[in-house]
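Quick note on labels: first sequence line is chain A, next is B, and so on, each numbered from 1.
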2 protein chains.
Amino acid sequence: MEQRRADNIAEALEEHIFSGSFQDGDRLDEVRLAEQFGVSRTPLREAFQRLALSGLVELVPRRGAFVRQPGPIELMEMFEVMAELEAVCGRLAAMRISEEALDDLRDANAKCQKAVDAKDTDGYYTENERFHKTIYRQSGNRFLEQETAKLHKRLKPFRRQQLKFRGRMAQSMAEHEAIVDALATGKPEESANALRNHVAVQGEKFHNLMASLKSKAE
Amino acid sequence: MEQRRADNIAEALEEHIFSGSFQDGDRLDEVRLAEQFGVSRTPLREAFQRLALSGLVELVPRRGAFVRQPGPIELMEMFEVMAELEAVCGRLAAMRISEEALDDLRDANAKCQKAVDAKDTDGYYTENERFHKTIYRQSGNRFLEQETAKLHKRLKPFRRQQLKFRGRMAQSMAEHEAIVDALATGKPEESANALRNHVAVQGEKFHNLMASLKSKAE
DNA sequence: TTCGAATTTTTTGTATACAAGAATGTTGAC
DNA sequence: GTCAACATTCTTGTATACAAAAAATTCGAA
């Protein structure tokens, strides 16, 4: 891993943090990382500033940068906000969605179903993401779309864990159908509720998430 | 304005952008600003990274940093998201709020009323902020609280404009009362709707906001 | 004049140098 | 052996130096 530009460094570090290469509390050694990336400390420090604002690292003055992995509580909070943001997207989209977008959703669902049948987790994941991002876009609010996508991205590593649990893909599919129905018939509150429940981490999903957290820590 | 630390520079620049000292599209000259702040380019560039992520500045590679003031459309989108986030806070708070917090809200409202009577815009503003931040906190979700407060801060300069319009403070007060009622009686949907309508920019408020935008541009 | 190529000047991006604070290790007193 | 004061080493924060890209300017041809 050498000779990267400053623009990419933040992204590369983000990847490392997401992938779990860095544990919570780890100090990001400027000189060591500079060597690894084949750059000087300057672009690294600029990357730290970005990561600090997005909450992935904590910048302690005169001490350095420390990675901050969300704990169980913060994670639950983030998922709750995710569910609410998706609900908002759905409520707005129910009033603003286009016919083309509805077709996109149906297409994504069809491909999701194929992936489920083929037990293709990656394929399911890709189409699932397209499904959700289409709804963000159809909220008709670019700012909301971006903010929702930002949190979606941040929760990605944890959501991926979720999909591996047995039966989750099939259940998720059924929920997708209900969401499309609510959107197609222009029912704001129904769309919002369907999306909120789809994304919310409750009951069994809660236990699965906690279990995956523990296995990560080991 | 001299001898500031890097930590403060981002904040100082933010202030300048919020206050309207910088127009949309203005280039932030590294050497000129470095002189003004009495520092070298290095800490300034670190500050730029932070501002870029929060959307206040656009970083064009090999070109520099340009301030990005939200246009009318983006502003409307941000207010729509603000209304929805406050609604979410309200819905959750209705289920989770404490008696002490309810008293805080009533206290803030009382002081708001005094400020209205005294035509004390600043005083009103302070207590209004306390009112809203109490609700964010009572959502029981720290992550939601922080995200909502972040957007609240970003919209501050535009909201302040709003309050100057005649009759707005009195109407706002009445809405606050309704919000407290809904929260006190533990009605999630009613609280959410009351807060959404309170924050949403519609009808007359829309025209006022647009008018204040025009006067700023002059 | 007007346009365009070549040259100069700015400005950004990165490396390096250096000062000051934090961490670490050592020594000596008890 | 333990603890504290001092010295040393590391690390961060900032300034400066330098290379490369972009912008501005000059100059000559049509």
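Residues B/Arg27 and A/Pro61 each lie close to DNA chain C; by heavy-atom proximity, the contact nearer the 5' end of the strand is made by B/Arg27.
The side chain of B/Ser40 places no N or O atom within less than 4.0 Å of a non-bridging phosphate oxygen (OP1 or OP2) of D/dT14.
If you take CD of A/Glu46 and P of D/dA15, they are 14 Å apart, rounded to a whole angstrom. Atom pair A/Leu28:CG and D/dT12:P shows a separation of 10 Å (rounding to whole Å applied). Between the CD1 atom of A/Ile9 and the P atom of C/dT14 there is a distance of 7 Å, rounded to whole Å. One interatomic measurement links the two molecules: CZ of B/Arg41 to C1' of D/dT14, which rounds to 13 Å at whole-angstrom precision. Rounded to an integer number of Å, the gap from A/Glu30 CD to C/dT14 P is 15 Å. Here C/dA19 presents its P atom at 13 Å from CZ of A/Arg62, a figure rounded to the nearest Å. Rounded to an integer number of Å, the gap from B/Asp29 CG to C/dT10 P is 12 Å. Rounded to a whole Å, the CZ atom of B/Arg45 is 14 Å from the P atom of D/dA15.
Using a 3.5 Å distance cut-off with no hydrogens or angles, the side chains of B/Glu86 and B/Tyr136 do pair a donor with an acceptor.
The residues B/Glu145 and B/Arg96 are annotated as not salt-bridged, no charged nitrogen and carboxylate oxygen being separated by less than 4.0 angstrom.
Taking the six-membered ring where the residue is Trp, B/Phe131 and B/His176 present parallel rings, their angle staying beneath 30° rather than reaching 60°. Between A/His132 and A/His198, the ring-plane angle classifies as parallel under the 30° and 60° cut-offs.
The base of C/dG21 lies outside donor-acceptor range of the side chain of A/Arg63, with no N or O pair under 3.5 Å.
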